[in-house]
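Residue indices begin at 1 and follow the sequence shown. From a predicted model like this one, the values you see are computed outputs, not experimental measurements.
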Amino acid sequence: MKFIDLRSDTVTLPTDEMRAAMTNAVVGDDVYEDDPTVIALEKMAAEIVGYEAALFVPSGTMGNQLAIMAHTKRGDEIILGQNSHIVAHEVGGAALLAGVSYRIVNNPDDTIGGADIDAAVRGDDIHYPDTGLVCVENALSNGKVVSLAKMKEAYDAAKRHKLPVHMDGARLFNAAVHLNIEAKEITRYCDSVMFCLSKGLCAPVGSMLCGEASFIKRARKFRKLLGGGMRQVGILAAAGLIALEKMTRRLHIDHENARYLTKRLNEIPQISIDPEAVHINMVFFKIPNPSFDHAGFERHLIEKGIKINSSENTEYRFVTHNDITKADIDFTIKALVEWIIQTD
């Protein structure tokens, strides 16, 4: 049975071209830094975002954690958003691995501005931890894209306080497509960036951490400490090269499909959705009826061959990607309407 999988853009399958490239990849030992395919991927990644160096890592979570470890010292405090991926979805790793605490910014739109940083930076007091790092996101975990003006505002404030800025850019290229600019125009406003190859770009595994050469050298050592020395990993890097060369160029299709999905959902009276909030390939909507059977709805969709994540506070997230077509969206809308009609 073919499933329509709307849970995330991490569920994409490698393309046939990726599978062939992985089969034929020239490899070495990446711990010795002599895997030619990994070297090529890291060089390409660094050039795309305008940095000196890059490091191939197994996951975005590891990339973010390595960045925090490399930028800070134990006992530091880092400034970041309440709903950021690092806070909400990385198992509290920064406290355990880097030994840092969180200075939370909790804005309704999940962005961090210059005034937020000014207010969050600790003063010179014996009772306070040192502020060591600012962490921002683009695109945000809520699917919205932060403007360049807002990014610059936060970066300038961090620099006034002599703080480095790390960006979780898991969906960096989606943000760039939305803003109609190159990715390096966004990464001008951070000192390091992590972006995923396996979110929307179809690579089966991997993310890139990019920054200055000295920063990447520190991060590489921490990667080894965490067990991330992956040996003949050029087999996976081969798919990453195609992800960057080709799959970044088709993300506008996912955004178009997300807008189409939004339009179709907005036609259903029982659904609450803000079309203006759909910036990339992530569509959030609510079914506010307090008597709505969410568990039954989710079972109904899986029986129809549609995979979704469970709702959070009546809110669902559907994500478009390379393996989702407009026909899949129409089929999903039909199944959704069927359930609403029979239970309304």
Closest approach of [X] to [Y] (non-hydrogen atoms, all atoms of both residues):
| X | Y | value |
| --- | --- | --- |
| C210 | A54 | SG-CB, 3.7 Å |
| G228 | M62 | CA-CE, 4.2 Å |
| G60 | S207 | N-OG, 3.0 Å |
| A158 | V165 | CB-CG2, 3.4 Å |
| A139 | V145 | CB-CG2, 4.2 Å |
| E42 | L55 | OE2-CA, 3.5 Å |

Dump the intermediate steps for side chain to side chain contact (heavy atoms under 4.5 Å, CB included) on E212 and D191, then the final yes or no. CA-CA 8 Å; E212 293 182 352; D191 300 293; 5.9 Å; no
Report yes or no: does [X] contribute a side-chain atom to a donor-acceptor pair with the main-chain N or O of [Y] at less than 3.5 Å?
| X | Y | answer |
| --- | --- | --- |
| T320 | D254 | yes |
| H252 | V177 | no |
| R74 | L97 | yes |
| D116 | G113 | yes |
| T187 | V49 | yes |
| D125 | H127 | yes |
| D9 | H321 | no |
| E52 | A213 | yes |
| N266 | T262 | no |
| R188 | K184 | no |

Would R218 and F215 satisfy side chain to side chain contact (heavy atoms under 4.5 Å, CB included), going step by step from the backbone distance to the final call? CA-CA 5 Å; R218 293 194 300 276; F215 164 81; 3.9 Å; yes
Side chains of [X] and [Y] in contact at under 4.5 Å (non-hydrogen atoms):
| X | Y | result |
| --- | --- | --- |
| I333 | L265 | yes |
| V11 | K307 | no |
| N257 | T325 | no |
| Y316 | E298 | yes |
| V146 | V136 | no |
| Y189 | N138 | no |
| S198 | V205 | no |
| N281 | L251 | no |

To the nearest 0.5 Å, tell me how far [X] [atom1] sits from [Y] [atom2].
| X | Y | atom1 | atom2 | result |
| --- | --- | --- | --- | --- |
| L66 | S59 | CG | OG | 8.5 Å |
| K199 | T10 | NZ | OG1 | 7.5 Å |
| N309 | L6 | CG | CG | 9.5 Å |
| T72 | E77 | OG1 | CD | 12.0 Å |
| F173 | I280 | CZ | CD1 | 13.0 Å |
| L209 | Q65 | CG | CD | 11.5 Å |

In terms of ring plane angle, is the pair F292 and H294 parallel, tilted or perpendicular, where the classes change at 30° and 60°? perpendicular
What class does the angle between the rings of W339 and F297 fall in, given that below 30° is parallel, 30 to 60° is tilted and above 60° is perpendicular? tilted
Does the salt bridge (charged side-chain N to carboxylate O under 4.0 Å, His left out) test come out yes or no for E47 and K43, once each step is laid out? CA-CA 6 Å; E47 288 175 351; K43 183 175 184 292; 2.7 Å; yes
Is the [atom1] atom of [X] crowded by more than 12 outside heavy atoms at less than 6.0 Å?
| X | atom1 | value |
| --- | --- | --- |
| N180 | CG | no |
| Q82 | CD | yes |
| F3 | CZ | yes |
| K326 | NZ | yes |

Using the rule that two of Ile, Leu, Val, Met, Phe, Trp, Tyr join whenever any of their side-chain heavy atoms come within less than 4.5 Å, decide whether [X] and [Y] are in one cluster.
| X | Y | result |
| --- | --- | --- |
| I216 | V193 | no |
| L197 | L172 | yes |
| M18 | I253 | no |
| L133 | M167 | no |
| L336 | F284 | no |

Could you tell me whether [X] and [Y] have a side-chain N and a carboxylate O separated by less than 4.0 Å?
| X | Y | value |
| --- | --- | --- |
| R103 | D76 | no |
| D30 | R223 | yes |
| D328 | K2 | yes |
| E267 | K263 | yes |

Name the residue from N322, T12, I242, T248 that meets the side chain to side chain contact (heavy atoms under 4.5 Å, CB included) definition with L201. T248
Decide whether [X] and [Y] meet the rule of one side-chain donor and one side-chain acceptor closer than 3.5 Å.
| X | Y | answer |
| --- | --- | --- |
| N174 | H279 | no |
| T131 | H161 | no |
| H85 | S141 | no |

Would you sort out whether L236 and M22 count as a side chain to side chain contact (heavy atoms under 4.5 Å, CB included), showing the intermediate values? CA-CA 6 Å; L236 297 175; M22 292 165 71; 4.0 Å; yes
Sole candidate of D110, N107, N142 that passes side-chain hydrogen bond (donor to acceptor under 3.5 Å, both in side chains) when paired with N83: D110
Per salt bridge (charged side-chain N to carboxylate O under 4.0 Å, His left out), D156 is matched among K159, R160, K152 by K152
Could you walk me through whether Y51 and C190 pass the side chain to side chain contact (heavy atoms under 4.5 Å, CB included) test, one step at a time? CA-CA 10 Å; Y51 286 120; C190 56; 3.2 Å; yes
